[in-house]
Chemist: 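Sending over a structure as structure tokens; questions will come in a sec.
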Amino acid sequence: MEMEKNKKNRYGFDFTPMVLDIKTFREAQKITREKLAETLDITPRHLQAIELEGKHPSLGLLAYIATIFDMPIDPYIFPDKADAKSAVRKRLDVLLNKLSYRDLSILEDIGEGNQEGSLLTLSSPVQPSFIIVYPVV
């Protein structure tokens with residue numbers, strides 16, 4: 001497969017995680033490849049080559065993509081300095097961006113250690129898009 005052949009450039013830099021995450025960020029925000037390519041002023045085929053075939057984006061293009069998706073690039077450039085939490089936090093950020101304000105408030109309450117009980121409830125008649133049951137400590 002082309003992605004394997006291009007996995008590392010002559011400097012030993014592995015672009016695979018970065019280009020896979022570009023696609024993940026784009027799809028999470030429901031942006032088509034064509035629309036992103038138009039925004040980036042490149043062809044959809046060029047973006048496809050980056051996402052699926054491991055084509056290395058230019059530094060300017062990479063910076064523009066990172067800006068559009070608020071995507072940190074340090075973990076890709078300095079993988080030895082990145083810890084396991086950063087990858088998990090990045091995936092959680094993508095998921096958190098999809099939640100409503102109400103759902104985020106529920107998660108914030110959980111994070112602050114709501115001691116009211118094991119089932120978090122809302123005073124509003126509107127139900128959250130999910131219910132979280134957690135142990136009382």
Side-chain angles (χ1 to χ4, degrees):
M1 182 176 172
E2 192 71 20
M3 181 70 101
E4 290 301 316
K5 184 176 117 185
N6 289 335
K7 186 173 182 181
K8 292 188 177 186
N9 66 7
R10 66 178 176 235
Y11 304 108
F13 185 77
D14 184 2
F15 282 83
T16 306
M18 184 182 339
V19 298
L20 292 175
D21 283 346
I22 289 170
K23 182 178 180 184
T24 300
F25 276 83
R26 177 181 62 75
E27 289 175 343
Q29 294 188 21
K30 296 182 178 15
I31 299 173
T32 65
R33 185 176 291 134
E34 292 74 19
K35 182 65 178 165
L36 180 58
E38 180 182 325
T39 301
L40 297 172
D41 197 26
I42 61 174
T43 66
R45 176 65 187 106
H46 186 159
L47 184 55
Q48 178 183 340
I50 292 170
E51 289 182 346
L52 301 177
E53 300 165 21
K55 180 174 174 57
H56 305 158
S58 68
L59 182 58
L61 183 58
L62 176 60
Y64 193 23
I65 292 169
T67 301
I68 288 171
F69 294 122
D70 195 24
M71 180 177 134
I73 57 175
D74 282 3
Y76 306 108
I77 297 172
F78 305 107
D80 296 335
K81 294 182 181 179
D83 60 1
K85 283 187 199 177
S86 65
V88 171
R89 288 176 191 229
K90 182 175 56 174
R91 288 193 302 272
L92 283 172
D93 279 342
V94 170
L95 295 173
L96 289 171
N97 287 335
K98 296 178 183 180
L99 296 179
S100 70
Y101 177 77
R102 183 179 314 272
D103 293 342
L104 289 171
S105 296
I106 292 170
L107 289 176
E108 182 179 35
D109 195 27
I110 291 169
E112 291 175 354
N114 178 349
Q115 300 296 319
E116 298 297 316
S118 64
L119 180 61
L120 189 62
T121 59
L122 297 174
S123 58
S124 168
V126 178
Q127 294 298 314
S129 59
F130 59 88
I131 296 176
I132 298 175
V133 177
Y134 63 100
V136 176
V137 181

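In this text the structure is predicted, and so the values were computed from the model without any measurement.
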Chemist: Partners of A28 by side-chain contact (heavy atoms from CB on, under 4.5 Å), sequence neighbours excluded?
Modeler: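 Partners of A28 under the side-chain contact (heavy atoms from CB on, under 4.5 Å) test: V94, K98.
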
Chemist: Working to the nearest 0.5 Å, report the span between CD1 of I106 and OG of S100.
Modeler: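 These two atoms lie 7.5 Å from each other.
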
Chemist: Between F25 and L36, is a side-chain contact (heavy atoms from CB on, under 4.5 Å) present by the stated rule, with each step listed?
Modeler: CA-CA 11 Å; F25 276 83; L36 180 58; over 6 Å; no

Chemist: Is the backbone of D93 close enough, under 3.5 Å, to the side chain of N97 for a donor and an acceptor to pair up by distance?
Modeler: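 Looks like yes, one N/O pair under 3.5 Å.
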
Chemist: Would you say that H46 contacts L40 through its side chain, given a criterion of any heavy-atom pair below 4.5 Å between the two side chains?
Modeler: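 With C-beta onward as the side chain, the pair stays apart.
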
Chemist: Out of curiosity, Q48 CD to R45 CZ, how far, rounded to the nearest 0.5 Å?
Modeler: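 Output value for this atom pair is 4.5 Å.
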
Chemist: Using the side chain to side chain donor-acceptor pair (under 3.5 Å) rule, collect all pairs that involve residues 28-43, keeping only residues at least two apart or in two chains.
Modeler: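 Applying side chain to side chain donor-acceptor pair (under 3.5 Å) to every pair that reaches into residues 28-43, excluding sequence neighbours, yields R33-E51.
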
Chemist: Would you compute the distance between atom CD of E53 and atom CD1 of I50 and round it to the nearest 0.5 angstrom?
Modeler: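 So the CD of E53 and the CD1 of I50 are separated by 10.0 Å.
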
Chemist: Rounded to the nearest 0.5 Å, what separates atom CD1 in I42 from atom CG in L61?
Modeler: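 The CG atom of L61 is 5.0 Å from CD1 of I42, to the nearest 0.5 Å.
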
Chemist: To the nearest 0.5 Å, what is the distance between CG on L104 and CG on L99?
Modeler: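 Nearest 0.5 Å value for the CG-CG distance: 5.0 Å.
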
Chemist: Among residues at least two apart in sequence or on other chains, which ones pass side-chain contact (heavy atoms from CB on, under 4.5 Å) with L62?
Modeler: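 With sequence neighbours excluded, L62 shows a side-chain contact (heavy atoms from CB on, under 4.5 Å) to M18, P57, I73, given in chain and number order.
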
Chemist: Just to verify, what does P17 make a side-chain contact (heavy atoms from CB on, under 4.5 Å) with, not counting sequence neighbours?
Modeler: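 side-chain contact (heavy atoms from CB on, under 4.5 Å) check on P17 returns D14, Y76.
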
Chemist: Please say whether more than 12 non-hydrogen atoms of neighbouring residues, nucleotides or ligands are located less than 6.0 Å from CG in L95.
Modeler: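 Yes, CG of L95 has more than 12 neighbouring heavy atoms, counting only those of other groups under 6.0 Å.
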
